[in-house]
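Atoms considered below: every heavy atom in the structure, side chains included; atoms not considered: hydrogens, waters and symmetry mates.
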Amino acid sequence: MRKFVSSDFTCESWKSVEGYLLDLQKRDISSKESFKQWLSDKSELEAVLEENMAWRYIRMTINTLDEKLTESYQFFVTEIQPNLAPFEDALNQKMMASPFVKELAADKAYSIYFRGVQSALELFREENIVLETELSTLSQQFGAISGKQMITYQGKELTMPQAANFLKDPNETVRKEVYDLITSRRLKDRGALDDLFNLLIQLRNKVAKNADCADYREYKFKALGRFDYTVEDCLAFHDAIEKLIVPIVKQLNLKKLEKLGKPKLKPWDTEVDPDGLAPLKPFTNGTELLDKSITVFQKLDTYFGDCLKTMKTGGFLDLDSKAGKAPGGYNYPLYESGIPFIFMNAAGAQRDLTTMVHEGGHAVHSFLSRDLELTGFKSLPSEVAELASMSMELLTMELWSEFYTNENDLRRAKLEQLESVVKVLPWIAQIDAFQHWIYTHPTHSTEERTREWLNLSKRFGTGLVDYDGYEAVLESSWQKQLHLFEVPFYYIEYGIAQLGALGVWNNYKKNPAKALSDYKNALSLGYTKSIPEIYETAGLKFDFSQVALEDISKNLMDSINELN
């Protein structure tokens, strides 16, 4: 319930926001009590504004074809955010000038919060406000372009997620036909996406230079609050994936080739079942997906099931794939409501089940941390947020019998999940390495970027997929990664968290009750402890070095071999 912001506040004009900011800016905070109340009021305003923007974004991504929804989101991005930025900086300065900061910082939660505020102060430049506004507006063009990508197959119009289901069809003719339709449609937008990305890189580099950073990589590491690991750690992670995980993916592909009786995979063969079985179909529509997911979560932990039930009752989900819907899936935390929103593009595939439990893990995290004192305590670093979601994928696997009554289908689903974990790690490393190159070479040409992508594709690929005749598809394959356009440098977190999730799963297999208790305790912390401390609470070591990866990769391969 609001105490500072009016209950009828709707954020329809800048003036309606400004009054609250002026109150905070002018208020006397000369006592500890008044300072803490000021922090609380500031936190409430942040929650209200963030949720207002969230709903505009959610509605726009559900229907990118509705111009009014896009205009509503753009209003916030162009009218509210730019005016908000200088006030945020002024309020941060007022906060950090308080003599009570040092006293409150004795509490680890406040210490971490103030650390982030100090970093924001160091990066803030007034001249970047207009650039950040332009970047926010431009980056949403990716969703608009991708949302319009449809194909027609067998007389039906299909979204890309719906079309992708055919890439698992045992009939190679079907797979090739659909693959050709998908890739030719995507290639129509290749030039537009290249132009968009070139502009984004140029603007991001300018933001970094304005903030006196050597490049956008340095800027973004600070902006993302990467206090607990370095650029060098990321580069070492790339090397570890190349040395330990890529050979495992190669083994899996060789086994697949042997079953298919082919010397090399064609790009439409990478998703097919090598035994010629039809693709798994765990559900028919979003309603069934949600209801069965609630049952799975309830069986794992009644609190988890209750979280999804609350979201269902309040209408905080939009799951089915449909025309005009932006690609991908997300869980959007709503700090004022305390109930998150799940968005995805379900088309009846096994990967949709994985997405649902993944986003459900994020949702549970939102519920567990929603009662923390300040909005800043709930604003999670991605390395922690993704630990919640990726762990949930693995923790729920044994309960997928709710979706698969056939024991062999359940075995296939679990095997597909574990193999996807192995296969995604090189892609994560490749995307991250690509970003390191992009932003330390900001004046590169489109041709140079393509060459670097192809070099990285060799480094993190197996050499067992034949792209002869489909060179343009491989060259532009990075364009399907939303993060590159919308949330730069946010991707290695998936790799770090995936290794942590495997640790949670290993702990669960040894002692389910303790592992679940540790998991919930870690998520309840929000961001009131450092990342290594949160991982430790979850029963893990925050370590993604080659040494740590050796044990994890061995355990993972043992589990895969047990299912084969």
Among side-chain atoms of Gln430 and His238, is any donor-acceptor pair under 3.5 angstrom?
no

Under the ring-ring contact (aromatic ring centres under 6.0 Å, His included) test, residues paired with Phe124 that sit two or more places apart:
none

Short question: side chain of Ser477, backbone of Leu474 - any donor-acceptor pair under 3.5 Å?
yes

Taking Ser389 for the side chain and Glu386 for the main chain, is one N or O donor matched with an acceptor at less than 3.5 Å?
yes

Taking atom types as modelled, find out whether Ser530 and Asp228 have a side-chain donor-acceptor pair closer than 3.5 angstrom.
no

Specify whether His362 and His358 have parallel, tilted or perpendicular ring planes, treating 30° as the upper limit for parallel and 60° as the lower limit for perpendicular.
perpendicular

Does a salt bridge link Asp189 with Lys148, judged by any charged N lying under 4.0 Å from a carboxylate O?
no

Do Asp169 and Lys176 sit within salt-bridge range, that is, some charged N less than 4.0 Å from a carboxylate O?
no

So which heavy atom on Ser553 is nearest to which on Ile248, and how close?
CB-CD1, 3.9 Å

Between Glu218 and Lys222 (salt bridge meaning N to carboxylate O under 4.0 Å), is one present in this structure?
yes

How far does CG of Leu135 sit from CG of Leu203, to the nearest 0.5 angstrom?
5.0 Å

Going by distance alone, is a donor N or O of one side chain under 3.5 Å from an acceptor N or O of the other, for Asp233 and Thr230?
yes

Presence of salt bridge, Lys243 and Glu550, under 4.0 angstrom:
no

Is Glu533 salt-bridged to Lys108, cutoff N-O under 4.0 Å?
yes

Distance (rounded to the nearest 0.5 Å) between Gln350 CD and Phe283 CZ:
9.0 Å

What verdict does the side-chain hydrogen bond (donor to acceptor under 3.5 Å, both in side chains) test give for Thr159 and Asn345, after you've listed the backbone C-alpha separation in whole Å, the side-chain angles of each residue and the deciding distance to 0.1 Å?
CA-CA 9 Å; Thr159 64; Asn345 280 275; 5.7 Å; no

Start with the C-alpha gap between Trp400 and Gln417, add the side-chain angles, then the distance that decides, and say whether side-chain hydrogen bond (donor to acceptor under 3.5 Å, both in side chains) holds.
CA-CA 11 Å; Trp400 290 355; Gln417 171 64 20; over 6 Å; no

Return yes if a side-chain donor-acceptor contact under 3.5 Å exists between Trp453 and Glu475, otherwise no.
no

Which residues satisfy the salt bridge (Lys or Arg N to Asp or Glu O under 4.0 Å) test with Asp551, sequence neighbours excluded?
none

Got a second to check how far Ile145's CD1 is from Leu193's CG, nearest 0.5 Å?
4.5 Å

Look at the rings of Tyr330 and Tyr332 and say which category their plane angle falls in: under 30° parallel, 30 to 60° tilted, over 60° perpendicular.
perpendicular

Polar side-chain atom of Glu486 near backbone of His483 as donor-acceptor pair, under 3.5 Å
no

Nearest-0.5 Å distance that lies between atom OG1 in Thr462 and atom NZ in Lys264
8.5 Å

Hey, can you tell me if Tyr535 and Phe542 have their rings parallel, tilted or perpendicular (30° and 60° cut-offs)?
perpendicular

Among Lys259, Lys256, Lys262, which one satisfies salt bridge (charged side-chain N to carboxylate O under 4.0 Å, His left out) with Asp269?
Lys262

Using a strict threshold of under 4.0 Å (side-chain N to carboxylate O), is an ion pair present between Lys325 and Asp318?
yes

Do Asn331 and Phe341 come close enough that some side-chain heavy atom pair is under 4.5 Å?
no

Between the side chains of Tyr470 and Asp180, does any donor sit under 3.5 Å from an acceptor?
yes

Are the aromatic ring centres of Phe197 and Phe142 under 6.0 angstrom apart?
no

When you compare the side chain of Asn165 with that of Pro279, does any pair of heavy atoms fall below 4.5 Å?
no

Answer with yes or no whether the side chains of Ser146 and Gln149 bring together a donor and an acceptor at under 3.5 Å.
no

Identify which one of Leu387, Val422, Leu394, Ile552 satisfies the side chain to side chain contact (heavy atoms under 4.5 Å, CB included) criterion when paired with Gln498.
Leu394

Establish, yes or no, whether a centroid distance under 6.0 Å links the rings of Tyr113 and Tyr527.
no

Quick one about Gln140 and Tyr57 (side-chain donor to acceptor, distance below 3.5 Å, no hydrogens or angles considered), yes or no?
no

May I ask you to decide if Lys514's main-chain N or O and Asn511's side chain share a donor-acceptor pair within less than 3.5 Å?
yes

Centroid separation Tyr216 to Tyr219 less than 6.0 Å:
yes

Looking at the rings of Phe434 and Trp478, which for Trp means the six-membered one, are their centres under 6.0 Å apart?
yes

Taking the side chain as everything from C-beta on, heavy atoms only, tell me whether Trp505 gets closer than 4.5 Å to Leu418.
yes

Is it true that Glu493 and Arg226 have a side-chain N and a carboxylate O under 4.0 angstrom from each other?
yes

NZ/NE/NH1/NH2 to OD/OE distance under 4.0 Å, Glu172 and Lys266:
no

Please answer whether the main-chain N or O of Asp215 pairs with a side-chain N or O of Lys209 as donor and acceptor at a distance below 3.5 Å.
no

